[in-house]
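Remarks on the structure that follows.
Nothing here was measured: the structure is a model prediction, and the numbers come from that model. Just follow the structure's listing: the first ligand is 1, and inside any ligand the first atom is 1.
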Amino acid sequence: MYAERVKALNPYVPGEQPKDRVYIKLNANENPYPPSPKVREALSNFDYSQLRRYPDPDAAELRRAFASIVKVSPDMVYAGNGSDEILSFIFYTFFDDKLPVVLPVHTYSFYPVYASYYNIPLHKVPLEEDFSISIDKLLEPKSCGIIFANPNAPTGRFMSLEKLRELLTRYDSNKPVVVDEAYIDFGGETAVPLLKEFHNLIIIRTFSKSYSFAGARLGFVIAAADVINTFITVKNSFNHFPIDSIVQKLGIAACEDYDYYKKINAEIAETRDWFGKELEQLRYEVVPSKANFIFTKKAGLSGDEIYKGIKKKGILIRHFNYPGIEDYVRISIGTREEMNQLLDAVKNLRMKCEKGI
Ligand SMILES: *Cc1c(COP(=O)(O)O)cnc(C)c1O
């Protein structure tokens, strides 16, 4: 009954959402704070009768609103149904089966899923000891393009703009370098200014994390205007209306209250830095993070033990059972209260393991 290609599918596994009890959810890098009050207002004022009309297929007003935040012209941004949809279009648009797309071995785990969906070969290169991305290693294999997240996931490590510039300078200017800035609003420095110099730079953003929109599905790509036009062609060959009329309105409202987001995201960054220090006091090794999560391990405990011990206390964190990072857990940054509860659970874990229970 099914097409041959379905057998080869290898889907993404999102953070769990168990229903057996109420958990503190620190496993999907969601924002602990609600969207801007302006978004609530836009939602209450939304004229439900408009639902009978198709939305603007190109989300022009929303693109204008977002473009003014990132300080580019509106023809340099395209809006998609979450950045996952944008990633799908990126793999479809730029990569084919002749040369592999190069990425770090540990980065967002949806990239290999799309590569396999479109039959695109992958070449994964190792990270440095400290989990930073090596540009020499990215440049070594013959490739059709490069993709990674900056700050990277699940490590939280940020690649400086100088390094990124070096990568772009040394790479073939006819091949895309895709930089997924899902976590850029938590302290990194955006690559947007480099778009002036490098036509092959493609930047992805999501509203899921820093705009508290994970449930609303909105992402953007920022690139040269002709690249954006190609995206619109791809979109119109797949789904004419990726962003519904409610989300278009809410997204505009969010952009109009950017100051609110600057405030909550600065708070998250502050909580992250404080929480990282607290973990270090408990002799956890903490990877320096510019994202809204912390990647950490503790000598004598496996990643799975930490994850399970914390889950017993009603808190969900993420463990990736991949070779090289199996000892680590990724902890999303919640509110201070949530992080204090997590610290209690972590201390409890330590006492148990030191007593050998
Ligand atoms: C969360 C995340 C995404 C997905 O974002 P959506 O807009 O929710 O689809 C993309 N890239 C990275 C690196 C992420 O962490």
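- For ligand 1, the atoms closer than 4.0 angstrom to any heavy atom of G82 are 7 (O), 9 (O).
- Closest protein heavy atom to atom 5 (O) of ligand 1: S83 OG, 2.9 Å.
- Annotation: atom 9 (O) of ligand 1 to nearest protein heavy atom, R217 NH2, 2.8 Å.
- Hydrophobic cluster membership differs between L164 and V227, with clusters built from Ile, Leu, Val, Met, Phe, Trp and Tyr side chains linked at under 4.5 angstrom.
- In terms of protein heavy atoms, atom 11 (N) of ligand 1 is closest to D180 OD2, 2.6 Å.
- A cation-pi arrangement is present between R21 and Y23, with the terminal nitrogen or guanidinium carbon under 6.0 Å from the aromatic centre and inside a 45° cone about the axis.
- A donor-acceptor pair shorter than 3.5 Å cannot be found between the side chains of H319 and N27.
- Numbered from 1 in the order shown, with element, the atoms of ligand 1 that lie under 4.0 Å from a heavy atom of T206 read 5 (O), 6 (P), 7 (O), 8 (O).
- Residue contact check for ligand 1: E85 places no non-hydrogen atom closer than 4.0 Å to it.
- Geometrically, ligand 1 and Y111 share no nitrogen or oxygen pair separated by less than 3.5 Å.
- A heavy-atom distance below 4.5 Å is found between the side chains of P126 and K137.
- In terms of protein heavy-atom proximity, atom 2 (C) of ligand 1 is nearest to K209 NZ, 2.4 Å.
- The shortest separation from a heavy atom of N29 to ligand 1 is not under 4.0 Å, leaving the residue out of contact.
- Nearest protein heavy-atom contact of atom 8 (O) of ligand 1 is S208 OG, 2.6 Å.
- Residue-ligand proximity: Y183 is placed with a non-hydrogen atom under 4.0 Å from ligand 1.
- V113 is not listed as a side-chain neighbour of N10, based on a closest heavy-atom distance of 4.5 Å or more.
- When side chains are defined from C-beta on, Y258 counts as touching D185, because their heavy atoms get closer than 4.5 Å.
- Cation-pi check for R205 over F220 is not met; the charged atom does not lie both under 6.0 angstrom from the ring centroid and within 45 degrees of its normal.
- Side-chain N/O atoms of S302 and D304 include no donor and acceptor closer than 3.5 Å.
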